[in-house]
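Each chain gets a letter, A, B and so on, in the order its sequence line appears, and its residues count up from 1.
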Amino acid sequence: MQIEKVYEPQRFEPHWARWWIDSGVFRPSGASERVFALVIPPPNVTGSLHMGHMLEHTEIDVTIRWHRMRGENTLWLPGTDHAGIATQMVVERKLAEEGTDRRTLGREEFERRVWAWKREYGDTIKRQMIRLGVSCDWGRERFTLDPGLSRAVREVFVRLYEKGLIYRGEYMVNWCPRCHTALSDLEVVKEETAGNLWHIRYPVNGSDRALVVATTRPETMLGDTAVAINPKDERYGDAHGRTVQLPLMDREIPVILDTLADPEFGTGVVKVTPAHDPNDFEAGKRHNLPKIRVIDETGKMTAEAGRYGGLDRFEARLRVVADLDDLGLIEKIEPYHLAIGKCQRCKTVVEPLISTQWFVKMKPLAEPAIRAVEDGRVQFVPENWVKTYNEWMYNIRDWCISRQLWWGHRIPAWYCGDCGAITVSRETPTACVHCGSGWLTQDPDVLDTWFSSALWPFSTLGWPDDTVDLRTYYPTSLLITGFDILFFWVARMIMMGLEFMGDVPFRQVYIHGLVRDAERQKMSKTRGNVIDPLEVTEKYGTDAARLSLLLGAAPGTDIVLTEERMVSSRAFANKIWNAARFLYLNMERSGVEPEVRGPGAAETLEDRWIFSRLNRCAEAANRAIEQYRYHEVAQVLWQFVWHEFCDWYVEIKKLRFQDNSGLTNDWRNVLSVFEMSLRLLHPVMPFLTEELWQRLTPDKTGRPVSIALAEYPQPDPALANETAEKEMEILQEIITAARNLRADMKADPKQQLDGTLYSRTGALDLAVRHIDVIQKLANVRLELSPGTAPRGGGILRSTPEFDLVLQAPAGQIEAQRQRLEKEIQQLEKVIAGSKRQLGDDTFLSRAPVPVVDGIRRKLADYEAQLEKSRSALEGLPA
RNA sequence: GGGCGCGUAGCUCAGUUGGUUAGAGCGCCUGCUUCACACGCAGGAGGUCACAGGUUCGAGUCCUGUCGCGCCCACCA
């Protein structure tokens, strides 16, 4: 058998990757357990894969594999970033045709091309989406891809509309002048920016005085239709009922009394621009003020802005300020920090504009969703996300769902050219429902993508039809996702699920951390600080990348991902690989077939021990996955495989193997433990374990075709063996003590040292039985003697169980002296601590008995140990 | 302004319900090319658990406050 010295993941992953993906979309029948998850982008669509996805998919994948290996059927619902994934597929293919490596392009250029290709290859994209089983309705292009989802979207829209929960209204919306679309509140990101607060004088008509208003956006003054003061603000009593002259526009506008003005802030006087500020808009409604739009959809000043018309809004600001300054109307300018809203997608400064849009009334939908979480029908892991969820749900605002984009589900509303009324309909209407006219035009807008995403848990199962899938799989059991889309998606799925299915969409929501880079920055495509999964999986292997992510994935914490971590994960993969290499090569040498026949009799201590440890490991791993403690899974397996199986078990077994010995019990047990370890590891490191498992069992008859379908090891009380664990522990202590002494005296590793092991306990008998193991692993030759070590016999290390004395080469006792002195110091410290506790009556009376007993026992050990160390120190030659 | 979270070894982080001398990986130091693995083996150094109080027989763990950091939400011009 040829096995490479170093594990080269690239050689094995592509083959299994294909299987991995295919296996994902498998539909069980009569499922008992359901898993609800996002699609894992196929490896050939890596363009859309980033570390955040990878973490999410890894956690999902671990969970799915675990369930499947436990014989529980899973349904994995492929999910939602259809357009993104499909586009990336096209782009990847296009690049491959061109022979361009996407990594040489750079993010920006890549994104640019994605957008270009999106338009150019729209048709191909749609076909690809069909292949992926995803769906999208390309609104502006007027054809429908997936009748299912489109139908569900229209159904929901119509039902909500008929219930009065969807309405069309003129409101202030967040408008992106670059994307030319309205945005929901959530799509606006606030950015702290240094700006100015301009104080502008507005002369009061029929009076000498002027009202000074403070504003951060002077250009909007062109659209002012009032000036507000607080009714309680005594400073401006004389201005009540008067008007002011709006500078630059020479318009007379009223002074209104409104709580909009906060006497504490600025001058206490506010300019009111109902067309360009949400607060002013509300105030304008209260006072029936005209709304003058001075900025248009492209961010340019309108004709209403007089001589500033046509100017860019930022240019206009400079001109307005300059002109006001010329007129001597600038009272002062103070620097001011403000949060400017920007478009999440393109970072353009958002412009609040009055516009007619479609909205969903959220309060009636939010209330049942709040209750569902409160009474535990939906459970968050970790639980503290409930607070965040509630915070948002209790303060929820109506949701602007119409978008002026060219992709998306088109709004099923038609306007009548004759009577102007709206017809909302599931099917394309032939006549206006109000006047019967046939002159109908569909609303050109499309829906927010999150609108259809919110329907995903049931639309993917066939809703609105009453399908078997729907009845079987709704509600699903688990959603794994990031908190960044808690509001965008999770909350809305819960609301829609309750509204249309009458039940929650999922029982549990596991919320993972965000992936951050070494500088603690959130990794995101737009920020450009991503570690490219393509690169790292190629460099370190997908298994190593997965393991690195999992090791950091403690619930409730973010993940800092560094290359160092992947280096060590790769080392672990290599360690497993080489353990296998050792086993397989030795099997050949021994004439053993590389297959597993199940464990043989556990005749030796190390066998009883490793089975007991394996059992504990299985127990911990199962529990950890069940509780979504992925970091613990990884850690527990790492510890067991490396530091128990490799470091001790295999090392001991080396002494047992002889050439051509055939299939001994030793072999059967080693292989059995290794094979079970592979199965335990499989969800965490699928490729490596699959490859090794296949090599281990070349004859597949009677076995699952893949390790992914093999049984996940479950804890078995019959394997637990306290005695073996305790004995092995002492054996390890003896060996470690000997190695310690060797290191202290700087012994040549090749030189076998003589010594004596003294013991009055079972350790002596243990040592007698395992003297070969001790002598080989520590490279010493020991005599065994009952009793305790005599003074001055050599250098010593002792435990409550035994004293080990080695003959020190001359001149190497100084290290021993220092070590003993330090040890004595430490012991004195802990003895003092224990004594203090045991001397305290309240402690004795209140602490539980086992705790007190434990400390008593420990104190006795410490004291015995101290005695030995002191005596050893005194026994050292001066 | 409101809410959430974090501050533990040089670095990145664990530490389930308070209970023996606080852990891991990386890095560092010492010694080893021992025929599975230098992506390795053996050994080692390194922490007043941010600070100050409090509860308790006992606090890294619970409570209060302070300082520092991060995130989310919010219509104060």
Side-chain angles (χ1 to χ4, degrees), chain A residues 3 5-7 172 185-186 190 197 213-217 220 228 260-262 264-267 269-273 277-282 336 338-339 352 384-385 387-388 390-392 395 483-484 486-487 514 518 520 522 540 544 551-552 554 556-562 564-565 567-586 627 629 631-632 635 638-639 646-647 650-651 654 736 739-740 742-744 746-750 777-779 826-827 829-830 833-834 837 840-848 850-852 854-855 857-859 861-862:
Chain A
I3 303 182
K5 191 168 177 180
V6 173
Y7 174 51
M172 187 65 57
D185 293 335
L186 286 176
K190 293 287 165 65
L197 197 55
V213 301
T215 180
T216 54
R217 306 191 53 204
T220 61
L260 172 72
D262 176 1
E264 304 293 315
F265 187 91
T267 58
V269 186
V270 197
K271 59 195 263 322
V272 184
T273 322
D277 181 279
N279 292 316
D280 295 4
F281 177 77
E282 293 300 325
Y336 191 70
L338 68 163
N384 51 311
W385 286 106
K387 284 203 173 184
T388 311
N390 283 340
E391 184 68 22
W392 189 67
N395 299 306
F483 63 79
D484 47 339
L486 186 63
F487 305 137
L514 250 41
R520 313 199 106 267
K522 172 181 166 180
Y540 304 104
L551 280 166
T557 60
D558 285 346
I559 294 171
V560 177
L561 194 65
T562 57
E564 286 82 54
R565 185 158 242 170
V567 170
S568 74
S569 295
R570 183 188 56 185
F572 181 59
N574 193 52
K575 184 75 185 176
I576 299 168
W577 181 258
N578 275 292
R581 182 164 172 253
F582 169 77
L583 295 179
Y584 297 176
L585 291 176
N586 272 282
Q627 296 175 350
R629 299 174 64 83
H631 70 297
E632 211 171 283
Q635 204 190 325
W638 181 302
Q639 166 66 26
C646 291
D647 286 354
V650 172
E651 288 304 316
K654 273 183 186 173
T736 306
R739 287 170 172 169
N740 269 320
R742 295 187 58 107
D744 274 0
K746 300 203 188 316
D748 179 349
K750 290 196 190 90
L777 293 189
N779 199 20
Q826 278 178 338
L827 282 167
K829 215 171 87 186
V830 293
S834 303
Q837 274 192 297
D840 186 341
D841 288 338
T842 32
F843 171 71
L844 293 177
S845 60
R846 300 217 187 163
V851 172
V852 178
I855 289 177
R857 215 168 18 225
K858 229 47 202 171
L859 179 61
D861 284 350
Y862 294 153

If we call it a pair only when both distances are under 3.5 Å in a Watson-Crick or G-U wobble match, what pairs with B:rC4?
B:rG70
Between B:rC41 and B:rC67, how many Å separate the two C1' atoms, rounded to a whole number?
46 Å
With a 3.5 Å cut-off and heavy atoms only, can you find an N or O donor on one side and an acceptor on the other between the side chain of A:Glu632 and the base of B:rA24?
no
Using the ring of each side chain (for Trp, its six-membered ring), is A:Tyr7 parallel, tilted or perpendicular to A:Trp577, with breaks at 30° and 60°?
tilted
A:Arg629 atom CZ is separated from B:rU17 atom C1', nearest whole Å, by 12 Å
A:Arg565 side-chain proximity, nearest of B:rC39, B:rG2, B:rU12:
B:rU12
P atom, B:rU61 versus B:rU56: distance in rounded Å?
16 Å
Separation of the C1' atoms in B:rG3 and B:rU55, to the nearest angstrom
27 Å
Among the nucleotides B:rA77, B:rC37, B:rG40, whichever has the atom closest to the side chain of A:Ala571 is B:rG40
Interatomic distance, A:Asn779 CG vs B:rC41 P [rounded to whole Å]:
18 Å
Length of the CG-P vector between A:Asn574 and B:rC41, whole Å:
10 Å
B:rC28 versus B:rG10 - spacing of their C1' atoms, nearest Å:
8 Å
For a quick test of reading the model: is some side-chain N or O of A:Lys750 closer than 4.0 Å to OP1 or OP2 of B:rU33?
yes
When you get a sec, tell me which of B:rC39, B:rC72, B:rA42 is the closest nucleotide to the side chain of A:Phe487?
B:rC72
To the nearest 0.5 Å, how far apart are OG1 in A:Thr736 and CG in A:Asn740?
7.0 Å
Nucleotide B:rU12, atom P - distance to CD of A:Glu564 in whole Å:
11 Å
Side-chain donor or acceptor of A:Lys654 under 3.5 Å from a matching atom on the base of B:rA36?
yes
Quick one: is A:Tyr336 getting a side-chain N or O under 4.0 Å of the B:rA77 phosphate, OP1 or OP2?
yes
Is the phosphate of B:rC4, meaning OP1 or OP2, less than 4.0 Å from a side-chain N or O of A:Lys387?
yes
Heavy-atom pair with the smallest gap, counting every atom of A:Arg217 and A:Lys271:
O-NZ, 4.3 Å
A:His631 and A:Leu551 have their tightest heavy-atom pair at CB-O, 3.4 Å
Of the candidates B:rA36, B:rG31, B:rC73, the side chain of A:Pro749 sits closest to B:rG31
Is there a side-chain polar atom (N or O) of A:Asn395 under 4.0 Å from OP1 or OP2 of B:rG2?
no
Look at A:Lys575 and B:rC39 and indicate whether a side-chain polar atom (N or O) is within less than 4.0 Å of OP1 or OP2.
no
Within the 4.0 Å heavy-atom criterion, would you say A:Pro850 contacts the bases, only the backbone, or no part of the nucleic acid?
nothing
Separation of A:Phe582 atom CZ from B:rC37 atom C1', in whole Å?
11 Å
Atom pair NZ/OH of A:Lys829 and A:Tyr862 - distance to nearest 0.5 Å
11.5 Å
